[in-house]
2 protein chains.
Amino acid sequence: MRAESRKEEIINAASILFKEKGYSAVTMRDLAKAMGIKAASLYNHIQSKQEILATIIIDLAEMFTNGMNQIVNSDENTIQKLEKIIDLHIDVTLRNADGLASLNNDWMHLEEENLQYFEKMRQEYEENFRDIVKKGVARNEIKSFNIEIIVFSTLSTLRTLYLWYPKQRNIEAEMLKHDMVSVLLKGIV
Amino acid sequence: MRAESRKEEIINAASILFKEKGYSAVTMRDLAKAMGIKAASLYNHIQSKQEILATIIIDLAEMFTNGMNQIVNSDENTIQKLEKIIDLHIDVTLRNADGLASLNNDWMHLEEENLQYFEKMRQEYEENFRDIVKKGVARNEIKSFNIEIIVFSTLSTLRTLYLWYPKQRNIEAEMLKHDMVSVLLKGIV
DNA sequence: GTAAGAAACTAACAATTGTTAGTTTTGTTT
DNA sequence: AAACAAAACTAACAATTGTTAGTTTCTTAC
């Protein structure tokens, strides 16, 4: 396992604090205390509080974007693509559940270019998702409910995984993937 | 339509700002500007910033608690109860979508008694939900996937409605209820 | 038109914020 | 042991925060 750089340690500590109280409510003194140093010392490793937030969010958003691009460019059927999207969310959640809190709740505190970049990625992600569902309905692979409702309902669950999965001690990733596919696609009744 | 008191106007304006930036990032001067007055003038109507947050969140949490208690104490079957829970979330969302942002994202900034009261209500709500699903599985009204996954998945979608529904111009409440029941209970495949 | 309450205002406060400058300590390499 | 970089420190800053005190203005009822 690669040794973490001091900067990475700070970003990980920040992810946890941001998850607990949100970006705006966490002060640099809070973060320093969590690291066992003084606030001014943080600036030997990072440029600003904003840089921390941007690093957390943009890295994660790019993971989703890259994952979705691979899925879109594959020649699988709709159900297989949806299964891969579920896999993608579970994988990213397992890798960085703390950071996903910032992506979901604090993206609006990004500044200028990073905010625009993030919003563009998010919009394209949702459009790719919607197109997959739309084609699925057109090909009768998916029931023809309102498309927006299907997209919203599925995406809500996947986006909120970060809040829930870390609390579950006895659910394996494979079991989660399997049951999640079933629940989201085939229903519970 | 009943005339809004000045205090209610302030709380509604605060709900919108809290939704956009979160409780911690909204200053009393931001709120005053949105009301067209100076920050100090707010204190003729409210006691503190914290009181505003507590009012928004506790009122909504009590709506959910009361709604859930009615459902639990009814003698309907599992599917009917789940449908009523979906109805409840849609109704509360339609009534106060802005406030739900605070309930979902800023509850941890409540202080002392209100924080405890909220956490108690939330925990009981989730337990009631879980019990309904559990009974449904035991009676073979619901497929026997992992219960936690079913509860999490359904609740995630319902809790996130506030983010999504206000943006939909051409979805009627009745149509939303119908398709949401179908998607969540019967699946999309 | 005056009394009274509601609702706005100005001015200021003490505390906290992110950040910088300059200095000292720690740890490693020669 | 000397040299050097990494990483910590102290002290302070200008701006912003929620809130209070005291005062003025607006609205309504008699």
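What you see is a predicted model; the values in this text were computed from it and never measured.
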- Counting only heavy atoms not in A/His45, do more than 12 fall under 6.0 Å of its NE2? yes

- Task: Look at the rings of A/Phe118 and A/Trp107 and say which category their plane angle falls in: under 30° parallel, 30 to 60° tilted, over 60° perpendicular.
- Result: parallel

- In terms of ring plane angle, is the pair B/Phe152 and A/Trp164 parallel, tilted or perpendicular, where the classes change at 30° and 60°? parallel

- If you measure only the distance, is there a donor-acceptor pair under 3.5 Å linking the side chains of A/Thr157 and B/Thr157? yes

- Message: Between A/Ser41 and D/dA7, is there a contact of a side-chain N or O with OP1 or OP2 at under 4.0 Å?
- Response: no

- Message: For B/Asp106, is there an ion pair with B/Lys21 - N to carboxylate O distance below 4.0 angstrom?
- Response: no

- Query: To the nearest Å, how far apart are B/Met35 CE and C/dC9 C1'?
  - Reply: 15 Å

Check nucleotides 17-19 of chain C against the protein and report each pair of N or O atoms closer than 3.5 Å, with its distance, or say if there are none.
| unit_1 | atom_1 | unit_2 | atom_2 | d |
| --- | --- | --- | --- | --- |
| C/dG18 | OP1 | A/Val26 | O | 3.4 |
| C/dG18 | OP1 | A/Lys49 | NZ | 3.0 |
| C/dG18 | OP2 | A/Met28 | N | 2.9 |
| C/dG18 | N7 | A/Arg29 | NH1 | 2.9 |
| C/dG18 | O6 | A/Arg29 | NH2 | 3.0 |
| C/dT19 | OP2 | A/Tyr43 | OH | 2.5 |
| C/dT19 | OP2 | A/Lys49 | N | 3.0 |
| C/dT19 | O5' | A/Tyr43 | OH | 3.2 |

- Looking at B/Arg159 and B/Glu126, does any basic side-chain N land under 4.0 Å from a carboxylate oxygen? yes

- Item | Angle between terminal axes - the helix from C/dG1-D/dC30 to C/dT30-D/dA1, 5 pairs each end, rounded to 10° | 10°

- Query: Side chain of B/Gln70, backbone of B/Gly67: donor and acceptor closer than 3.5 Å?
  - Reply: no

- Query: Does the pair B/Gln50 and B/Glu112 meet the rule for a side-chain contact (heavy atoms from CB on, under 4.5 Å), with working shown?
  - Reply: CA-CA 11 Å; B/Gln50 173 70 202; B/Glu112 297 302 332; over 6 Å; no

- Message: Just the rounded figure in Å: distance from P of C/dT25 to CD1 of A/Ile37.
- Response: 18 Å

- Message: Could you check whether B/Glu127 pairs with B/Arg130 (Lys NZ or Arg NE/NH1/NH2 to Asp/Glu carboxylate O, under 4.0 Å)?
- Response: no

- Where along residues 101-117 of chain B does a heavy atom fall under 4.0 Å from DNA chain C? none

- Testing A/Lys81, A/Lys135, A/Lys84 for salt bridge (Lys or Arg N to Asp or Glu O under 4.0 Å) with A/Glu76, which one passes? A/Lys84

- Please give, in whole Å, the distance from D/dA6 P to A/Leu42 CG? 18 Å

- Query: Hey, is the side chain of B/Asn44 pairing donor to acceptor with the base of C/dA8 inside 3.5 Å?
  - Reply: yes

- List the steps and the verdict of side-chain contact (heavy atoms from CB on, under 4.5 Å) for A/Leu94 and A/Tyr165. CA-CA 8 Å; A/Leu94 285 175; A/Tyr165 189 60; 2.9 Å; yes

- Message: OP1 or OP2 of D/dA6 versus the side-chain N and O atoms of A/His45: is any pair under 4.0 Å?
- Response: no

- Note on the structure: In whole angstroms, the gap separating P of C/dA7 from CD of B/Glu8 amounts to 12 Å

- Note on the structure: note: A/Lys38, atom NZ; D/dC9, atom P; distance rounded to Å ~ 6 Å

